[in-house]
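Note on naming: letters A, B, ... go to the chains in the order of the sequence lines (proteins, then strands), and numbering restarts at 1 for each one.
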Amino acid sequence: MEPVRKRILDAVMGIVAIDAHTHLNPLRPAASTLDDLLSYHYWTELSHSAGMPAALVAKDVAPAKRIRNIAKFLPRLSNTVQYGWLIDIARDLLGFDDDFVDERNIDALAKLAAQKMRRPGWDRTVLAKSRIDVAFLTNDFDDKLAGFDTHLYVPCLRCDELVLRLGQPGVLDRLRACSRVDVKNGATLEKALAAVFAHFKRHNARACAIGLTPDFAPQKVSRASVEPLLARTFAGQPLTHDECRRVQHYIFWTITQLCSDHGLPFDLMIGAIRGVYPAGVTGGQDLFDRRNSLSQYDALFNAFANVKFPVSIIDSGENPELITYSWIRPNVYPAGHWWYSNIPSLIERDLRGRLQAVPRVKQLGYYSDMYMLELGYPKFNMYRRCLARVLVDEFICDRGWSEEKAVDLAADLLRRNVQRIFYNAQM
Amino acid sequence: MEPVRKRILDAVMGIVAIDAHTHLNPLRPAASTLDDLLSYHYWTELSHSAGMPAALVAKDVAPAKRIRNIAKFLPRLSNTVQYGWLIDIARDLLGFDDDFVDERNIDALAKLAAQKMRRPGWDRTVLAKSRIDVAFLTNDFDDKLAGFDTHLYVPCLRCDELVLRLGQPGVLDRLRACSRVDVKNGATLEKALAAVFAHFKRHNARACAIGLTPDFAPQKVSRASVEPLLARTFAGQPLTHDECRRVQHYIFWTITQLCSDHGLPFDLMIGAIRGVYPAGVTGGQDLFDRRNSLSQYDALFNAFANVKFPVSIIDSGENPELITYSWIRPNVYPAGHWWYSNIPSLIERDLRGRLQAVPRVKQLGYYSDMYMLELGYPKFNMYRRCLARVLVDEFICDRGWSEEKAVDLAADLLRRNVQRIFYNAQM
Amino acid sequence: MEPVRKRILDAVMGIVAIDAHTHLNPLRPAASTLDDLLSYHYWTELSHSAGMPAALVAKDVAPAKRIRNIAKFLPRLSNTVQYGWLIDIARDLLGFDDDFVDERNIDALAKLAAQKMRRPGWDRTVLAKSRIDVAFLTNDFDDKLAGFDTHLYVPCLRCDELVLRLGQPGVLDRLRACSRVDVKNGATLEKALAAVFAHFKRHNARACAIGLTPDFAPQKVSRASVEPLLARTFAGQPLTHDECRRVQHYIFWTITQLCSDHGLPFDLMIGAIRGVYPAGVTGGQDLFDRRNSLSQYDALFNAFANVKFPVSIIDSGENPELITYSWIRPNVYPAGHWWYSNIPSLIERDLRGRLQAVPRVKQLGYYSDMYMLELGYPKFNMYRRCLARVLVDEFICDRGWSEEKAVDLAADLLRRNVQRIFYNAQM
């Protein structure tokens, strides 16, 4: 590697990042066993795709057997970056010597993992090695947000259930219980939602977040016009697809207004369709449909000029739109490289475009989306390598920037913009 | 930089280009002040996106204040290529020493700009430095086309108003006035349009051009079938959306027929949606929707085999289609890298694909779309750098072409194809 | 070229490939004359696009004249990779000295071609030079599959006529004749289709294949519900567009079931629209519309878990979806780089993404789609160069793989995965 590449990579590796979107359990953020780790859907779904029956990783399989079942199929996906994540964890975090993982050494790795993971402060060790010092969470609306340091693990209100599944069994009861509001119509629903927001704000919440299907196109719907539909929802009566959509639009708009009232950015994660492959492994049943556009959000972006919308797209083909919308609209922020777009060839292409045309203070470079702390290490490293490459090729070689200037740009993407966007930091 | 890269870049930089699409005012093509220049929407919209209230660059703000308002926000977009355009202009055209522009030096730059811009022949100096010797215009249908050298600044008929906004206040009156035809039905409308074409042809017009929304899908509509709709349009009565579309289709088809009759290429600029962000700065309110296809133009392309259609796409994601349509259809020509697709990462990707599969004599490499002459310099240089890179990587390294052959290909893209397509030059 | 690049390229060039999709005539797989070769639509359509009237290559033009007509236009497309294919054939297969082909040397090339092509074993020579040892065919449903070595030229059932054009003149009669079933309703149609499958299986068929328009969205349709529509089809009565679609869905689903019953993979070639440019040259009248999604196939992929679906996409913009669907669904396999996506810039981009996220054992690297054996040489070489570049950049440089490991991955893509997917080879 040329010396300049090495220097920039080292510098980018050294920047302490804030991870603005994870699915960590703050009470138990790290894995306890290799089985915990290997249950991450990337490995189970790729093994399944490569021929492993889903039953081999079902809940009733013994953990020691389950990891062997996966390990058997890992050579079939040794080309993938996700396999690379496992090797990085094994070698760099766990101290494993082999540069492969398969049937032959999975038991040895499991033993090593158990030893390392039970050490006191393992979670802090992993965070330090990952150069991440704050991780945002994804909390259910009725999460008590208690028992952990909310400055280290920052609460975020995941509102999918409220917006999209309010009529499903249990959701309304949970809302009534946590909000202490007897929800029975639009007014009391809005009161309950406001209580949820107040609770989250009291516990240092920094964002609201939602995942939306590609056909979602938010629009303003008056409370009065949905009262009959809400009444039927609360009575457990079925709605047609269009009626259901109207209720969703109403709640979505109400929640955006609450983001406005409480000064919370609203993370829009656009494009996934859940459960389209029901025979898949847990977490590996979702896909997307590329026939969507950010223009579906024009009315929303216009109506809420003071709400910040970090936007994640599942289809890298939407990146030209995301560049454009972030370039023109002050309240749209390109956020990370999400899920199926989170592979180096797409990251580099998307990142390069964003760096060429979106103001540097608006770009949320990366988040891990991790369920266990160990995943932050290889995922962020993958991104750091992409970023270092783009900084050298585009900024230092093509544009003649100094190395110092280039690394300073990286700090915007990895850290400062999270502070600007979610903490209103002035810098 | 490797010697071969330097040689190719120098050679590509040296080719005198024809700029086949600009918005220059031929009576005053260059800026007179820095405020003129900074009013270009790229800088105001990016500053606005980075946090500058639109009011800070409104018309009633004093010019000296306005440029300071923008300058304050420029550091927030110092990563963008558009910021780079400003630095290139400041340093290379104006002779500014600093390699940045912000609050600290904006007044000094303004003073320097005023000095340079008032020099006699500034416009000729800028053209020479930009290595551009002819620039096409974008003229309103009732432009007199008088008072300038139409061989240097070549008239093109912009027909958006005629096709899309004939019913809007004033348009019809202007058409009657300039054509001297008392437009009152389809036949007289066609006569008036023909008069417009004749006027433009008399003044050396080389193209007709139109901007079209992503949902536009031209089709043939008979005059008879729209007569009632035209009557209502001329009477100032409202039309439904569908009726309006029918009228637009009819006029669009009529104008395409006039292009055929007069031997004018018809520039199709596909995809922008105007005014979707009305709170934005002037020129920064437009976006796009990627859900479109060139297949919407199949009927048009089939019906007018003898009309040349240079096609510009706002969404780089449509480039695979543009490659394909240009590869199969003799009358479709890929044209430049337009607006939101005009950033190096997209240009290089799109250019490489076109160079691999579209006949070299059909490719309109680049146009500046500029409103002031100074912009042609950094924009064309950006493209020339992309082109040089692709020539070295793809043609000289991968395919073993000689440097001479590679540079000759560049001359097709920068110059000769404009002559072939708009001047019917045989070469 | 750096030594490592040379070594990897040589190694990739040396891997003997299986070409899993061609349009070869097994009774006469190679060209007999240069005119045979130049009739390949890539050259005629690009020449036509560059200005050659379609009449100049019509059937009634004398061969010697026809090749001169094309040759005259070749300099206009000397930048394209398709022109490069011709040069590769001329120089490497035919031993031509010139590094260009145009009016000046076309007669000499024709003479040389005639000499070489009449040599005994020319087809074997071409295969050996191309490092291809098996080529799959594309057979009409009533092909006798006789008179050739079905282990060298492997039959595949092309079912477009059966699914999409059963009502067109002659198709039904041919089905009755070859199946010896008196097709008169759904039950007998299914019996006839089963007979076709049995015939193909008896002759070593390895796949069923179909080309589908971008709007095709298969769904299960019961036999009972289409009986009236089938009756009208068999009676030669017209169907509405929707009725026609229902019949197509029914037959498509039936054929997929037959693939399941007979263990045949079903090649889906998605996106082309045939005949949209009817004035084009033969084979150069088809385009595509990017507004489609693999989600249109969710129901199919769910319903037939045991059918392998190698999926080819005509629009490279659909590659992120293809990566994702192949990553999640065990029965979806990304197949080659088809038609308008078969140019290096798109191949490399698409290949890189697939190699980063799709299990290595699932990727069908490339097929030639060739009509004459000579085309396999330049097409596969183009792909081999792309693959070598990705292996060096991505796997050897970025990921630190050994050269041996990288070349082994190439063998999966070029050879072994065809054996795994179409021959059920366990390896």
Side-chain angles (χ1 to χ4, degrees), chain A residues 214 290-299 301-303 305 315-333 348-363 390-391 393-395 397-402 405-406 408-409 412-413 420 426-427, chain B residues 1 41-42 45-54 73-84 87 99-100 214 272-273 275-281 283-292 313-319 339-349 382 385-386 389:
Chain A
R290 65 175 174 147
R291 292 170 298 180
N292 73 327
S293 170
L294 292 181
S295 75
Q296 297 165 221
Y297 293 83
D298 277 332
F301 295 148
N302 282 340
D315 173 23
S316 165
E318 200 170 4
N319 195 56
E321 278 195 1
L322 184 53
I323 291 172
T324 306
Y325 282 67
S326 308
W327 154 355
I328 292 296
R329 291 185 174 280
N331 58 346
V332 175
Y333 300 80
E348 275 192 49
R349 169 175 98 174
D350 294 349
L351 173 60
R352 196 178 288 266
R354 294 179 196 177
L355 284 175
Q356 289 175 346
V358 178
R360 57 187 292 165
V361 297
K362 297 185 67 185
Q363 303 189 39
V390 173
L391 290 175
D393 291 345
E394 169 90 22
F395 288 88
C397 294
D398 288 356
R399 303 204 212 169
W401 280 33
S402 71
K405 232 175 115 179
D408 187 66
L409 177 56
D412 273 348
L413 271 68
R420 287 183 174 111
Q426 301 300 317
M427 54 177 112
Chain B
M1 190 182 283
H41 66 85
Y42 285 89
E45 74 200 10
L46 280 166
S47 297
H48 176 56
S49 173
M52 183 192 72
F73 289 85
L74 291 176
R76 301 192 191 184
L77 46 108
S78 63
N79 58 301
T80 64
V81 293
Q82 295 87 358
Y83 176 86
I87 302 301
D99 62 358
F100 66 91
I273 315 180
V276 290
Y277 173 48
V281 299
Q285 308 182 350
D286 312 328
L287 288 163
F288 68 87
D289 183 327
R290 64 174 174 148
R291 292 170 297 181
N292 73 327
I313 50 175
I314 204 166
D315 174 22
S316 165
E318 200 170 4
N319 195 57
W339 202 343
Y340 296 123
S341 296
N342 185 31
I343 61 176
S345 60
L346 301 180
I347 291 173
E348 275 191 49
R349 171 176 94 174
M382 179 180 74
R385 283 191 293 265
C386 292
R389 208 151 29 219

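Residue Q356(A) is tested with V81(B), N79(B), N342(B) for a side chain to side chain contact (heavy atoms under 4.5 Å, CB included); the sole match is V81(B).
When heavy atoms are compared at a cutoff of 4.5 Å, V332(A) does not approach chain B at all. At a 4.5 Å heavy-atom cutoff, the contact between R399(A) and chain B is made by side-chain atoms alone. With a threshold of 4.5 angstrom between heavy atoms, I328(A) approaches chain B through its backbone and through its side chain. When heavy atoms are compared at a cutoff of 4.5 Å, Y83(B) does not approach chain A at all. Contacts between F301(A) and chain B at a heavy-atom distance below 4.5 Å are absent for every atom of the residue. With a threshold of 4.5 angstrom between heavy atoms, S78(B) approaches chain A through its backbone and through its side chain. Neither the backbone nor the side chain of R385(B) comes within contact range of chain A; no heavy atom of the residue lies under 4.5 Å from a heavy atom of that chain.
Taking the six-membered ring where the residue is Trp, F288(B) and Y340(B) present tilted rings, their angle falling between 30° and 60°.
With respect to chain B, the highest number of heavy-atom pairs below 4.5 Å among R329(A), R352(A), Q363(A) belongs to R329(A). When W327(A), W401(A), F395(A) are compared by the number of non-hydrogen pairs under 4.5 Å with chain B, W327(A) comes out ahead. If you tally non-hydrogen atom pairs under 4.5 Å between each of V281(B), I343(B), I273(B), L287(B) and chain A, the highest count goes to L287(B). Among the candidates D289(B), D286(B), V276(B), the residue making the largest number of heavy-atom pairs closer than 4.5 Å to chain A is D289(B). When D298(A), N302(A), L294(A) are compared by the number of non-hydrogen pairs under 4.5 Å with chain B, N302(A) comes out ahead. Contact tally against chain A (heavy-atom pairs below 4.5 Å) for L77(B), T80(B), D99(B), L46(B): the top residue is T80(B).
Remark: the R290(B) side chain and the N292(A) side chain contain an N/O donor-acceptor pair separated by less than 3.5 Å. Between S316(B) and R349(B), the side chains place a donor N or O and an acceptor N or O closer than 3.5 Å (distance only, hydrogens not considered).
Looking at T324(A), its side chain does come within 3.5 Å of a backbone N or O of P320(A) through a donor-acceptor pair.
Residues V361(A) and M427(A) are not in side-chain contact: their nearest non-hydrogen atoms beyond the backbone lie 4.5 Å or more apart. Contact of the S49(B) side chain with the K362(A) side chain is registered, since non-hydrogen atoms from C-beta on lie closer than 4.5 Å. Taking 4.5 Å as the limit, some side-chain heavy atom of L355(A) sits within range of a side-chain heavy atom of L409(A).
Under 4.0 Å is where a charged nitrogen must lie from a carboxylate oxygen, and between D315(A) and R291(A) no such pair does.
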